[in-house]
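In what follows, residues are counted from 1 in the order of the sequence shown. Because only heavy atoms are used, hydrogens play no part in the values below, and waters and symmetry mates are left out as well, while side chains stay in. Given the structure is predicted, the values throughout are model-derived calculations rather than measurements.
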Amino acid sequence: MKKTYKIEVDCANCAAKMEEAAKNTAGVANAVVSFMTQKMKVEFENNADVQSVMTQVVKNCKRVEDDCEIFI
């Protein structure tokens, strides 16, 4: 399953950090963060609980970029 989320991030470097943090989250098969469009596209692993995975994605992204926002 793939979903797209609106985000707020201040710079392209921060977006790259968020992308890496999301990719390293259990349950995420792939993630792409676009600074230009302010969107995050997440591909979930089969049978992943989307809500709990995204909760962890937000936590992981906040660790690397504490002023980012992901609207889930």
Main-chain N/O of V33 paired with E19 side-chain donor or acceptor, under 3.5 Å | yes
Looking only at heavy atoms, what is the nearest atom pair of C14 and V9, with distance?
-> CB-CG2, 3.4 Å
Closest non-hydrogen contact found for S34 with I7 is O-CD1, 4.3 Å
Shortest non-hydrogen contact between M18 and I70, atoms and distance = CE-CG1, 3.9 Å
CZ (F35) and CG (D10) are apart, to the nearest 0.5 Å, by 7.5 Å
Taking the side chain as every heavy atom from C-beta outward, state whether I72 and Q51 have any atom pair closer than 4.5 Å.
-> yes
One should read off an interatomic distance between K3 NZ and F44 CZ, to the nearest 0.5 angstrom, of 7.0 Å
Heavy-atom closest contact (G27 atom, A48 atom, distance) | O-CB, 3.8 Å
Take atom CG in N47; do more than 12 heavy atoms of anything else shown fall under 6.0 Å from it?
-> no
Does atom NZ of K62 have more than 12 heavy-atom neighbours from other groups under 6.0 Å away?
-> yes
Indicate yes or no: at least one non-hydrogen side-chain atom of M54 is less than 4.5 angstrom from one of Y5.
-> yes
Minimal non-hydrogen separation, C61 against A22, with atom names = SG-N, 4.4 Å
Residues K23 and E43 bridged, charged N to O under 4.0 Å = no
Between the NZ atom in K39 and the CZ atom in F71, the distance rounded to the nearest 0.5 Å is 13.0 Å
Taking all atoms of both residues into account, what is the closest heavy-atom pair of V53 and T25, and its distance?
-> O-CG2, 4.1 Å
Common cluster, M40/M1, ILVMFWY with side-chain heavy-atom separation under 4.5 Å | yes
Does NZ in K6 sit with more than 12 non-hydrogen atoms of other residues, nucleotides or ligands closer than 6.0 Å?
-> yes
Separation between CD of E65 and CG of N60, rounded to the nearest 0.5 Å | 14.0 Å
